[in-house]
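Sharing a structure here in structure tokens format.
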2 protein chains.
Amino acid sequence: MANDRRVDEPAGSAAASSRDRLIAAAQQLYWEQGVSSTTPRQVMQVSGVGQGSLYHHFPAKHELAQAAIAVTVADALATAEGELTSGSPARERLIQYLTRPRDALAGCRVGRLTYEQYVIDDDALNEPVRQYFRRLIALVQDVFAELPGMDEGGSRRRAYAAVALIQGGYVLSRALDEPAALDSAVSGFVDVLNGDAGLP
Amino acid sequence: MANDRRVDEPAGSAAASSRDRLIAAAQQLYWEQGVSSTTPRQVMQVSGVGQGSLYHHFPAKHELAQAAIAVTVADALATAEGELTSGSPARERLIQYLTRPRDALAGCRVGRLTYEQYVIDDDALNEPVRQYFRRLIALVQDVFAELPGMDEGGSRRRAYAAVALIQGGYVLSRALDEPAALDSAVSGFVDVLNGDAGLP
DNA sequence: GTCTATACCATGATAGAC
DNA sequence: GTCTATCATGGTATAGAC
């Protein structure tokens, strides 16, 4: 990555380079079936790039995974940042982040990596995932902190809860094969956030 | 399972049968490193059972996985049921379930299966996972429903939120390599449940 | 940069003796 | 029920020509 002086091409470029097509194919396959289940052969087929080219651009599967995960994390963070730092009132930004339409059955592209042994065993693959959640939680905490009468501990705990809720909603939707499970979980959280609490 | 007439041995039996040791080893390995990463060889080594015995008791890896996952799900459900149907007031039962000490870095033995391609692709493996979450959510919903002024939709949504929160807490703890992340998420949820809401 | 052919190894499973 | 030996497959990577 660091020694790659190639000029960046636009993501939607009509004729993406072999390297970009390999990364895009890997991203898609990782999302659909996980990293360890994705073989170099499959990446070649989906990308339409030959075997020689794959191993020319990436010395091994590991380096391809590193590149693909880095792009996935950067994209996901950019989306969240756009929602959470827009000009809207804090309350609206929070609701917008929580209720954004998500492909619940597909799962979180980043969160699922935490249960992938192939990723866990490899610090270079693990680090982007850690950074993603660190920054996402910080973004959410900053929004909670804008609300009146919120101390630092309170905003911090609520940020962990909000991000965990989304991740767990994905898990429930997948387990139950029920896209609406994530929505139900979010609704329940928003209910209690709205002060319509539950404990006497 | 249905055609197995062998007399059940106590779980903590001094001399467990080969079959039971195989299942126990598989459970442990599935928890530590996932199902697809766990090879029959590893199960043999951990259980101390030879290869011939493994394939005598289980025709293939698939049947071993089925048996091990069934036991894991049954155990996890029994634990949750004990907490959620005890004699304590509803509020206490809920808090007890949410704040039970958990090995956050290890992840949820059941929840992690939702991101395992090996499990997803196999209905026989998938069904116990679905049942686990269906029943767990129902148990939690029943407790919420005991609280005053709670309609059915409200208890349902809160149950989804509570279960999702735990699952997502595991994901965060693993992603951040930070056992306390799950605790923070739970605390944030309990904060808002306590009516100490957040949105103006 | 890209291609085809090939080597290597772990996995998942079978065979057949005891 | 348990053992050892063996096999077939497919994933990962390398070699070397173009």
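Throughout, protein chains are lettered first and strands after them, A, B, ... in sequence-line order, and every chain is numbered starting at 1.
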Short side-chain N/O contact from His57(B) to OP1 or OP2 of dT2(D), under 4.0 Å: yes
Test of understanding: with side chain to side chain donor-acceptor pair (under 3.5 Å), list the residues that count as partners of Ser173(A), not counting sequence neighbours. none
Side chain to side chain donor-acceptor pair (under 3.5 Å) with Arg102(B): which residues, sequence neighbours excluded? none
Could you tell me the separation between the CG atom of Asp20(A) and the C1' atom of dG1(C), rounded to a whole number of Å? 15 Å
Rounded interatomic separation in angstrom, taking CD from Gln33(A) and P from dG11(D): 11 Å
Can a donor-acceptor pair be found between the side chains of Gln131(A) and Arg135(A) at a distance below 3.5 Å? yes
Quick one, Leu94(A) and Val140(A) - any side-chain contact, counting heavy atoms below 4.5 Å? yes
Leu64(A) CG to dA13(D) C1', in whole Å, measures 14 Å
Is a side-chain donor or acceptor of Arg174(B) paired with a backbone partner of Thr114(A) at a separation under 3.5 angstrom? yes
Sequence-distant partners of Ala180(A), side-chain contact (heavy atoms from CB on, under 4.5 Å), two or more places apart: Asp183(A)
Got a sec, which residues hit side-chain contact (heavy atoms from CB on, under 4.5 Å) with His56(A), two or more places apart in sequence or on another chain? none
Do Arg112(B) side-chain atoms and Trp31(B) backbone N/O form a donor-acceptor pair below 3.5 Å? yes
If you take any heavy atom closer than 4.0 Å to DNA chain D, which residues from residues 24-32 of chain B end up in contact? none
Give the rounded distance in Å between these two atoms: CG of Leu22(A) and P of dC3(C). 10 Å
Using a cut-off of less than 4.0 Å, is there contact between a side-chain N or O of Ser53(A) and OP1 or OP2 of dC3(C)? yes
Sugar-phosphate means primed atoms, P, OP1 and OP2; the rest is base. With that split, encode nucleotides 7-18 of chain C 5' to 3' as B, S or - using protein heavy atoms under 4.0 Å. ----BBBB----
Round to a whole Å and report the spacing from CZ of Phe58(A) to P of dT14(D). 15 Å
Rounded to whole angstrom units, what separation is found between the CE atom of Met44(B) and the P atom of dA5(D)? 12 Å
Is any side-chain nitrogen or oxygen of His56(A) closer than 4.0 Å to OP1 or OP2 of dG1(C)? yes
Give a yes or no answer on whether the side chain of Tyr160(B) reaches the backbone of Ser155(B) with a donor-acceptor pair at less than 3.5 Å. no
